[in-house]
Amino acid sequence: MTFEAAMHSDQAEISGGKILIYFIIFFCLFLSVAAMPSGRFVVVVTEPGEPAGHVIDVIGTAGGSFVAPGAFSWIAIAYSDADNFPARLRRSGALFVLNHALAVGCLQKES
């Protein structure tokens, strides 16, 4: 193997690694933008160790309405007409407030 051939094979490996890193960064950015709450319905995620009614208390404190339970007692769907509802949910104790359309898997209970 000549020196030039060795240099080209190393560059190909580095380029492949860089492409993978860029793809992972792009994918994470895409998911973070897509998961941002953008409607009146949101998925509320609270601490798993809290009592079963805690997520409902968080929704009520933020001025929203409980719509449906999630697969776990710390996940629920909430509704509010207020534009700042996601921020109020976070101030009330929600860990995450997600776009309702992307969280279908969080809502399915195991049978």
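Model, not experiment: these values are computed from the prediction.
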Evaluate side-chain contact (heavy atoms from CB on, under 4.5 Å) for Leu95 paired with Thr46, printing each intermediate quantity in order.
CA-CA 5 Å; Leu95 290 178; Thr46 59; 5.6 Å; no

Is any side-chain heavy atom of Val42 less than 4.5 Å from a side-chain heavy atom of Val97?
yes

As an exercise, state the distance from CD1 of Ile25 to CD1 of Ile21, rounded to the nearest 0.5 Å.
7.0 Å

Can you see which heavy atom on Ala76 is nearest to which on Phe66, and at what distance?
CB-CE1, 3.6 Å

Starting at CZ of Phe85, measure out to CZ of Arg90 and round the result to the nearest 0.5 Å.
11.0 Å

Are Arg88 and Ser80 close enough that some pair of their side-chain heavy atoms sits under 4.5 Å apart?
yes

Taking atom CZ of Phe96 as the centre, does the number of heavy atoms from other residues, nucleotides or ligands within less than 6.0 Å exceed 12?
no

Any Val43 side-chain heavy atom under 4.5 Å of Ile77 side chain
yes

Donor-acceptor list for residues 54-62 side chains, cut-off 3.5 Å, not counting sequence neighbours:
{"residue": "Thr61", "atom": "OG1", "partner": "Asp57", "partner atom": "O", "Å": "2.8"}

Return the CD1 to CG distance between Ile24 and Leu29, rounded to the nearest 0.5 Å.
12.0 Å

With Arg40, which residues qualify under side-chain hydrogen bond (donor to acceptor under 3.5 Å, both in side chains), at least two apart?
Asp83

So if you build clusters from Ile, Leu, Val, Met, Phe, Trp, Tyr with side-chain heavy-atom gaps below 4.5 Å, do Phe30 and Tyr22 land together?
no

